[in-house]
Amino acid sequence: NAGVTQTPKFQVLKTGQSMTLQCAQDMNHNSMYWYRQDPGMGLRLIYYSASEGTTDKGEVPNGYNVSRLNKREFSLRLESAAPSQTSVYFCASSDIRNPPGELFFGEGSRLTVL
Amino acid sequence: TQLLEQSPQFLSIQEGENLTVYCNSSSVFSSLQWYRQEPGEGPVLLVTVVTGGEVKKLKRLTFQFGDARKDSSLHITAAQPGDTGLYLCAGALRNAGNMLTFGGGTRLMVKP
């Protein structure tokens, strides 16, 4: 059972480089999310997509863009990476938004920006 | 300042001890979830509480939602090394479209 799959798992970038984190879920969930996790900060929401064709900003959207390619896939793009974007990124999906259902997370993508 | 404050941030105990982790806020939540995260993995849901005063038990873990739905606690009885991990609470705010806001986490280490 794949669940939520993220690629790549590790990435090192230089300041100013761009990259895209890919996420795919096979649970037929409507909602998908991108979080970043920093020590002591818990998980902070970057962007989310409540359903195919819609995306909305979360708590910390600056410096990121997203694309909901189809129901399965939700990508996160860093156009010009900065050291402050060094973090572990998690993609998640859920089936029920109101009330919030269980979030299913991928294994994370560890990004270092030099 | 985070909307959800978890305490303690770190906890190191011996196997067999009891512990309580707290999740506090000045905001009222429509529901609250607890997740556990192990190194190199994503968080996994343990429980969702919805009603003020609600108590849920999951084997040796007891979860309580405050009467006013502003706080929650997680109590572990007779902790085991397998309980080691990062515990995260996440609250849903009705006036924020029920989006989940996470606390900073409590990192628990249970030594054999």
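When reading the values below, keep in mind they use all heavy atoms of this one structure, side chains included, and skip hydrogens, waters and symmetry mates. The sequence lines fix the lettering, A, B, ..., with proteins before strands; numbering per chain opens at 1.
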State plainly whether one hydrophobic cluster holds both [X] and [Y], where clusters connect Ile, Leu, Val, Met, Phe, Trp and Tyr through side-chain heavy atoms under 4.5 angstrom apart.
{"X": "Val113(A)", "Y": "Val88(A)", "result": "no"}
{"X": "Tyr35(A)", "Y": "Tyr47(A)", "result": "no"}
{"X": "Val4(A)", "Y": "Tyr48(A)", "result": "no"}
{"X": "Val47(B)", "Y": "Leu32(B)", "result": "yes"}

Q.
Restricting to non-hydrogen atoms, name the atom on Leu43(A) and the atom on Pro43(B) that form the minimum distance, rounded to 0.1 Å.
A. CD1-CG, 3.8 Å
Q) Can you name the nearest heavy-atom pair linking Glu102(A) to Gln33(B), along with the distance? A) N-NE2, 4.3 Å
Got more than 12 heavy atoms from elsewhere within 6.0 Å of [atom1], [X]?
{"X": "Glu107(A)", "atom1": "CD", "result": "no"}
{"X": "Arg44(A)", "atom1": "CZ", "result": "yes"}
{"X": "Met27(A)", "atom1": "CE", "result": "yes"}

Q) Is the shortest heavy-atom distance from the side chain of Tyr33(A) to the side chain of Met99(B) under 4.5 Å? A) yes
Q | Side chain to side chain, Glu59(A) and Leu3(B), heavy atoms closer than 4.5 Å | A | no
Q) Nearest 0.5 Å, what's the CG-OH distance between Leu103(A) and Tyr35(B)? A) 3.5 Å
(Q) Going by the rule salt bridge (charged side-chain N to carboxylate O under 4.0 Å, His left out), which residues pair with Asp56(A) if we only count those two or more places apart in sequence or in a different chain? (A) none
Interchain contact, [X] with chain A, by part (heavy-atom threshold 4.5 Å):
{"X": "Leu45(B)", "answer": "both"}
{"X": "Leu86(B)", "answer": "side chain"}
{"X": "Gln6(B)", "answer": "neither"}

Q. Looking at Thr101(B), Leu100(B), Leu88(B), which makes the most heavy-atom pairs under 4.5 Å with chain A?
A. Leu100(B)
Q: Would you mind checking which part of Leu45(A) comes under 4.5 Å of any heavy atom in chain B, side chain (CB onward), backbone (N, CA, C, O), both or neither?
A: side chain
Q) Between Gln6(A) and chain B, which part of the residue has a heavy atom less than 4.5 Å away: side chain, backbone, both or neither? A) neither
Q | Option in Phe105(A), Phe104(A), Phe90(A) with maximal non-hydrogen atom pairs under 4.5 Å from chain B | A | Phe105(A)
